[in-house]
Engineer: 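Just dropping this structure here.
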There are 2 protein chains.
Amino acid sequence: MKKLFLNITISPDLYLKNPESSEVGKKIISKSIVLIDELGFEGFTFKKLAKEISSTESTIYRYFENKHILLLYLTCWYWSWVEYKLVFGMINISSPEERLKIALNILTKPITEDESFFHINEVLLHQIIVNESTKVIYTKEVDNENEKGYYTVYKQIVNRLSDLIKEINPDYKYPHMLVSSTIDGALHQKYFVDHFPSLIDNSQSKDCVSSFYNDLVLNAIK
Amino acid sequence: MKKLFLNITISPDLYLKNPESSEVGKKIISKSIVLIDELGFEGFTFKKLAKEISSTESTIYRYFENKHILLLYLTCWYWSWVEYKLVFGMINISSPEERLKIALNILTKPITEDESFFHINEVLLHQIIVNESTKVIYTKEVDNENEKGYYTVYKQIVNRLSDLIKEINPDYKYPHMLVSSTIDGALHQKYFVDHFPSLIDNSQSKDCVSSFYNDLVLNAIK
DNA sequence: GCAATATTGATAGTATTACTATTATATTTG
DNA sequence: CAAATATAATAGTAATACTATCAATATTGC
């Protein structure tokens with residue numbers, strides 16, 4: 001993955017001070033990814049993070065309102081990254097069927113490449129999205145945060161792929177639901193691979209989730 | 001729904017004292033459903049619940065180890081209830097295709113009947129499952145709790161319907177994943193209907209989630 | 001009916017979390 | 001070099017998630 005063209009920008013509403021603007025800020029991001037992965041979101045605190053980066057709670061609070069917003073920031077970063085991969089992956093491919101297959105692979109295959117984008121370890125970040133991202137939207141704040149546009153990137157991805165599906169089969173009735181249930185379902189099934197393998201068919205194959213969704217989506221729209 | 005034959009039993013590992021064995025216990029269950037729905041799981045505390053039922057925190061702690069286990073208890077109750085509805089609904093139906101359609105309706109249609117089973121309001125409980133149940137499994141305790149058998153009922157449902165799908169099409173390769181992604185996806189899409197309607201196709205129809213999954217599943221296995 | 005036992009209520013207390021506030025000390029910038 | 005800004009160090013608060021103690025109240029067993 002070429003990094004040169006990728007410049008991910010996150011809505012300034014999500015931080016009090018841009019973590020990209022300083023060394024402490026970047027440490028907050030990179031170490032929070034490691035710590036959330038390690039401790040789980042419930043076990044993760046700003047105090048522990050401060051200790052880990054040899055800083056203080058108050059400093060972290062100057063960047064992010066609270067840990068929920070920090071997780072939201074990471075989530076937005078992740079989806080922006082995914083969107084970039086989608087756009088980049090589908091560029092110059094004229095066949096919509098081919099583009100859909102590429103998109104499905106990006107969305108459902110395991111992330112293994114351990115090349116980190118600057119200070120962000122995408123493999124760990126993806127793991128966090130699998131394990132913790134439901135906690136971002138399943139709160140009493142959703143509607144509020146949705147209005148503020150915090151979920152725009154995610155919705156943009158769904159809409160983009162939904163359009164692609166309509167291009168392939170204009171008569172298919174549920175393009176949005178097919179896409180969002182594929183994106184979120186793939187994350188969910190990846191969690192099941194690790195924790196409920198008895199509910200995964202052919203769990204020994206590393207591409208089982210991907211195969212399932214490829215089959216499912218192509219059958220749905222044909 | 002006939003209540004006479006339904007006797008839901010929850011694994012005694014999930015409580016310290018059976019809430020069904022006393023009046024306070026039943027109040028804990030019924031009021032916790034109302035409060036969790038109202039405040040969200042994060043905002044819900046044993047202190048607030050104690051106040052609501054005119055009891056004390058210590059009394060509640062004598063029934064449940066903590067609020068996470070209480071939510072797990074409610075989740076188990078919910079899935080036992082769903083399993084009952086599935087068994088009851090499919091009884092005496094010889095055609096497996098017909099049985100599948102019935103199961104899909106039970107799993108994906110909205111729960112509207114407001115007739116509560118003794119002290120449990122199933123409509124509210126279903127709402128809690130939609131809004132909060134991911135928080136039950138997405139924790140660092142999953143594997144531990146899975147080993148203890150806390151998710152057995154859920155897995156039993158998946159296996160049961162997976163068998164049904166194999167009966168209809170023995171060549172279909174992903175029966176477990178199709179079933180679990182349908183069950184969990186339907187809950188997820190119901191959440192989207194309320195909070196991200198722009199991602200729902202034909203969201204004005206009350207059966208949009210159900211229609212989508214009927215179409216999806218039948219196309220997948222045919 | 002009364003003693004023994006179990007259950008609940010009332011109260012207090014602790015460690016941790018999720019913050020906010022204050023001030024001193026660096027660091028950057030103009 | 002002075003002024004502005006960012007950070008570190010420290011302290012403090014309210015709420016949460018419990019644990020402990022003991023008295024009051026039911027329940028049951030004889």
Side-chain angles (χ1 to χ4, degrees), chain A residues 12-32 35-36 38-74 119 132 135-136 138-141 144-145, chain B residues 12-32 35-36 38-74 119 132 135-136 138-141 144-145:
Chain A
D13 291 348
L14 280 172
Y15 49 76
L16 302 170
K17 183 171 153 63
N18 191 346
E20 294 298 323
S21 71
S22 73
E23 282 313 305
V24 223
K26 283 177 204 162
K27 272 207 243 169
I28 288 173
I29 298 303
S30 62
K31 267 293 172 186
S32 70
L35 268 190
I36 292 174
E38 195 180 314
L39 308 170
F41 187 62
E42 284 73 28
F44 168 81
T45 67
F46 276 4
K47 198 167 201 171
K48 290 172 188 167
L49 175 58
K51 201 178 172 187
E52 202 67 26
I53 62 173
S54 306
S55 181
T56 59
E57 271 184 283
S58 35
T59 297
I60 301 169
Y61 275 109
R62 266 180 226 110
Y63 286 85
F64 294 101
E65 244 182 279
N66 52 52
K67 70 173 185 174
H68 174 252
I69 300 284
L70 170 56
L71 182 58
L72 195 46
Y73 177 95
L74 295 176
H119 51 292
E132 319 290 351
K135 295 161 193 171
V136 168
Y138 282 94
T139 71
K140 289 279 174 187
E141 265 65 59
N144 213 336
E145 293 177 349
Chain B
D13 291 349
L14 281 173
Y15 47 77
L16 303 169
K17 183 169 153 60
N18 191 346
E20 292 298 323
S21 71
S22 72
E23 282 312 305
V24 222
K26 284 178 204 161
K27 273 206 241 170
I28 288 173
I29 298 303
S30 61
K31 267 291 171 189
S32 69
L35 267 191
I36 292 173
E38 195 179 314
L39 307 170
F41 188 61
E42 285 73 27
F44 168 80
T45 67
F46 275 6
K47 199 167 198 170
K48 290 172 188 167
L49 175 58
K51 200 176 172 190
E52 203 66 27
I53 62 172
S54 308
S55 180
T56 60
E57 271 183 282
S58 36
T59 296
I60 300 169
Y61 275 109
R62 273 181 214 113
Y63 284 86
F64 293 101
E65 246 182 276
N66 52 53
K67 71 174 184 174
H68 173 252
I69 300 284
L70 170 56
L71 182 57
L72 195 45
Y73 177 95
L74 295 177
H119 51 294
E132 319 289 351
K135 295 162 193 171
V136 168
Y138 282 94
T139 71
K140 288 279 174 188
E141 265 64 61
N144 211 337
E145 294 177 348

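Letters go in sequence order (proteins before strands), and every chain restarts at 1. Only a predicted model underlies this, so the values are computations on that prediction, with no experimental measurement involved. Quick note: numbers below take in every heavy atom, side chains included, and nothing from hydrogens, waters or symmetry partners.
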Engineer: Give one of base, sugar-phosphate or nothing for B:Y61, where a contact means two heavy atoms less than 4.0 Å apart.
Structural biologist: base
Engineer: Decide side chain to side chain contact (heavy atoms under 4.5 Å, CB included) for B:H68 and B:E145; before the verdict, give the C-alpha distance in whole Å, the side-chain angles of both, and the deciding distance to 0.1 Å.
Structural biologist: CA-CA 12 Å; B:H68 173 252; B:E145 294 177 348; 2.9 Å; yes
Engineer: Which of the following nucleotides, C:dT17, C:dT8, D:dA20, is nearest to the side chain of B:S58?
Structural biologist: D:dA20
Engineer: To the side chain of B:K17, which of D:dT10, C:dA18, C:dT7 is closest?
Structural biologist: C:dT7
Engineer: Take the protein atom CD of A:E23 and the nucleotide atom P of D:dA8, then report the distance between them rounded to whole Å.
Structural biologist: 12 Å
Engineer: Tell me the interatomic distance from B:E65, atom CD, to D:dC18, atom P, rounded to whole angstroms.
Structural biologist: 9 Å
Engineer: With nearest nucleotides of DNA chain C determined for A:K48 and B:S54 from heavy-atom distances, which residue corresponds to the more 5′ nucleotide?
Structural biologist: B:S54
Engineer: Let me know, please, whether B:R62 or A:R62 comes out on the 5' side of the other along DNA chain C by nearest nucleotide.
Structural biologist: B:R62
Engineer: Under a 4.0 Å threshold between the charged nitrogen and the carboxylate oxygen, would B:K140 count as salt-bridged to A:E42?
Structural biologist: no
Engineer: Given C:dA18, D:dA17, C:dG9, which nucleotide is nearest the side-chain atoms of A:T45?
Structural biologist: C:dA18
Engineer: Angle between ring planes, B:F41 versus B:F44, binned at 30° and 60°: parallel, tilted or perpendicular?
Structural biologist: parallel
Engineer: What is the separation between atom NZ on A:K51 and atom C1' on D:dA9, rounded to the nearest whole Å?
Structural biologist: 16 Å
Engineer: Before you tell me yes or no, could you show the steps for B:Y63 and B:I29 under side chain to side chain contact (heavy atoms under 4.5 Å, CB included), namely the whole-Å CA-CA distance, both residues' side-chain angles and the distance that decides it to 0.1 Å?
Structural biologist: CA-CA 10 Å; B:Y63 284 86; B:I29 298 303; over 6 Å; no
Engineer: Between A:S22 and D:dT7, is there a contact of a side-chain N or O with OP1 or OP2 at under 4.0 Å?
Structural biologist: yes
Engineer: For the pair made of CD1 in A:I60 and P in C:dT17, what is the distance, rounded to whole Å?
Structural biologist: 13 Å
Engineer: Take the protein atom CD1 of B:I28 and the nucleotide atom C1' of C:dG9, then report the distance between them rounded to whole Å.
Structural biologist: 13 Å
Engineer: Looking at B:S55, does any N or O in its side chain come under 4.0 Å of the phosphate oxygens OP1/OP2 on C:dT8?
Structural biologist: no
Engineer: What is the distance, to the nearest angstrom, from the NZ atom on A:K67 to the P atom on C:dT17?
Structural biologist: 9 Å
Engineer: Can a donor-acceptor pair be found between the side chains of A:E20 and A:H119 at a distance below 3.5 Å?
Structural biologist: yes
Engineer: Taking OH from A:Y63 and P from D:dA6, how many angstroms apart are they, rounded to a whole number?
Structural biologist: 8 Å
Engineer: Tell me the interatomic distance from B:N66, atom CG, to D:dC18, atom P, rounded to whole angstroms.
Structural biologist: 5 Å
Engineer: Taking the minimum atom-to-atom distance to the side chain of A:K47, which one of D:dT16, C:dT17, C:dG9 wins?
Structural biologist: C:dT17
Engineer: Nearest to the side chain of B:T56, heavy atoms from C-beta on, is which of C:dT17, D:dT16, C:dA10?
Structural biologist: C:dA10
